[in-house]
Structure formats: structure tokens, C-alpha cells
2 protein chains.
Amino acid sequence: MDQAVRSAAKAATADCDRSTWDAGNCPVRDVMNRISGKWATLLLEALAAKPHRFGELRRLVPDISQRMLTQTLRDLQRDGYIEREVFPTKPPSVEYRMAPLGRSLFGPLSKVLEWAAENHDAVRAARRSFDDAGLA
Amino acid sequence: MDQAVRSAAKAATADCDRSTWDAGNCPVRDVMNRISGKWATLLLEALAAKPHRFGELRRLVPDISQRMLTQTLRDLQRDGYIEREVFPTKPPSVEYRMAPLGRSLFGPLSKVLEWAAENHDAVRAARRSFDDAGLA
DNA sequence: CGATGTTAGTCTCAAAAATAGACCAGCACT
DNA sequence: AGTGCTGGTCTATTTTTGAGACTAACATCG
């Protein structure tokens, strides 16, 4: 287990040498900086289940502002994770759906999401014990 | 409690239950909001390879500010992902290392990092074609 | 007919967060 | 005595996020 993690770590960092870590040059940063926003994973999770319209997404994630929803969707579309289609209905509606690249990303990403759900209690316990230990 | 975690875990893979999508209540958000910062994954990646001292981490990630390095490390420590040990040497040095919880998280997380490295070109291509298509 | 609601946004301005850079204390070397 | 190293903290400035008003065409309700 430790072995697997170690080799994975090595693989992930293989073409990202520390001494030459350049912000514009590092794939990990370039990709992570987009999906690591506050809202991106939430929207990918919603769209992984099924396509949704703008208003549906807004209702699904109640505390996102329209501004951030628009912007995050556009960023995800720009990087090829999702697709946007406009239907010329009476009040024009827009549907967002997962693109192949997004679905491919969501494979590994969903594993992290599962980990989060499974280990939430452990994290909260660690947090509590850290806070109780005085150095809050 | 156990029930909450189980239903949340189910939600992570399938459709996330709306009623659990309250900011304070959703495990996915609670965990993701911490590891999805701009620096957290970078530091976890560095510490997954081997323990590092404060100054080493700063040199490893040249464009992080001291303030954000301090704060991100403290957040990571608070949530139980990393451990901090002070050595009372002449100029006191501090070593940061992966905690068991962090190593456990890094298993799935490293898969995403690998994905990022492998698909960086596809993302950049999508980005370029989006920008060229006018609506930059 | 006119008031209101729905669609997917954009625009503006205030609040929150990230950053740069100065500063601190203790010790070692010159 | 001056310089540099350690791991930070404090403050001021810039960047990001958020709350809320506004658009514009059509649909529904009274």
C-alpha cells in the first residue's frame, strides 16, 4: 500500500522537477488550478450525473452566485471538460453536459470525492483535536 | 452519524443529494475546500515524496509567499494530513511530514495528478480552440 | 391592457482573500 | 560589529469573490 502510494507519487512528479517548477510550465498546476476552485468539482459532480440547465445548476448549488456559476462554467468549457448548447426556445435555454475530456477526468476525480465522503469523520476528528490542543 | 456518512458516500458517486448540500454539512465540500486550494496539492505532492523543512518547501515552490506557506501547512496539519515537528537545533528547524491520513488521501489524489500530467496537452488544445473560436 | 415571472446572463461596487515585502528573535561565522 | 540563516508574523496592496440590480423577449395572470 505504501509502495503503491510511493510509486504513484513518483510517477506524478516525474515530469515536474522541483528545481525547475515554473508556474506556466507545470501540468499539475495548470490543470489543478482550474478544477481546484471552490465550485468546479461541485459542478462536475452534478454534470457527471446528467446534463443540466443553468437554472437547474443554480438551484442544485444554492449558495453559488450567478456570476461565479457563469464564470466557472465558462472556464470548464474553455478547458474542454464540459459542452454548452443553446436551445432557441421561447425563453432561450442553455444545457451544459460533460464532454469526453471531463468524463475522463471524472474517473480519478470521483475517487477523491469518495475518499472525502468516507474520511470526513477522520478529518473532523483531527481538526477538533488540533483545535483542542490549544494552537487554534 | 454512520448513516450520514454512508448516504453522503453514495451521493459522491451517484447524484449528490440536494438536502446534504449545505455548506457545513457536505463532506465533499468540507474536504475538497481544503485540498483544492492553490497550494495544498503541491505541498502534499512534495511531502509525499519525503519530509521537508519549511525553507525547503519554500524553495521547492518558489512562487508561494511565506504567509501562504505557513497558513497552508497549518491548515493541512489541522485537518490531520501532515505532521509538524520542531527540532531544537541552533537555528531551530521544523520538519513537515505526511501523516497517515494524508498518505491515505494521496492514493486517490495522485491519480488525479497523473491524469493532469497525461492530459495537459488535451486541455491546452481545448483552451486554444475555445479562444480561437472568438468568444475569448 | 398592464403587471409580473421566466430565461441566461452582464454590470457595478463592496467584501473577502491572496500577495509582496518589511520586520522579528536567536544563533553562527567572519 | 556586520551578515546571514532559521521559521515565522504584521501591514499594505492587489486580486478574487460575492450581493444585488439590470437586460430583453416572451408567457402567464388578472
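Computed over heavy atoms, backbone and side chain alike; hydrogens, waters and symmetry mates excluded. Numbered from 1 within each chain, the chains take letters A, B, ... in sequence-line order. Because the structure is predicted, anything quoted here is derived from the model rather than measured.
Residue B:Arg53 places at least one side-chain N or O under 4.0 Å from the OP1 or OP2 atom of D:dG7. At the phosphate of D:dG8, OP1 or OP2 sits under 4.0 Å from a side-chain N or O atom of B:Arg84. Between A:Arg74 and the phosphate of C:dT10, there is a side-chain N or O to OP1/OP2 separation shorter than 4.0 Å.
Rounded to whole Å, atom P of C:dT10 lies 13 Å from atom CZ of A:Arg58. To the nearest angstrom, C1' of D:dT6 lies 18 Å from NE2 of B:His52. Rounded to whole Å, the distance from CG on A:Leu69 to P on C:dT10 is 11 Å. The distance between atom CG of B:Leu57 and atom P of D:dG8, rounded to the nearest whole Å, is 11 Å. B:Phe54 places its CZ atom 6 Å from the P atom of D:dG8, with the value rounded to the nearest Å.
If you check every strand for non-hydrogen atoms under 4.0 Å, A:Phe87 touches nothing.
Distance alone, capped at 3.5 Å, is enough to place a donor-acceptor pair between the B:Ser65 side chain and the B:Met68 backbone.
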Base-contact (B) and sugar-phosphate-only (S) positions in nucleotides 14-30 of chain D, heavy-atom cut-off under 4.0 Å, - elsewhere: ---BBB-B-----S---

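At a threshold of 4.0 Å, the pair A:Asp30-B:Arg127 counts as salt-bridged, since one of the basic side-chain nitrogens sits closer than that to a carboxylate oxygen. One finds no salt bridge joining A:Asp131 and A:Arg128 here, because no Lys/Arg side-chain nitrogen approaches an Asp/Glu carboxylate oxygen to under 4.0 Å. A salt bridge links B:Asp63 to A:Arg29: one of the charged nitrogens lies within less than 4.0 Å of a carboxylate oxygen.
Residues meeting the side-chain hydrogen bond (donor to acceptor under 3.5 Å, both in side chains) test with A:Arg103, sequence neighbours left out: none. In this structure, the side-chain hydrogen bond (donor to acceptor under 3.5 Å, both in side chains) partners of B:Glu95, at least two apart in sequence or on a different chain, are B:Arg97.
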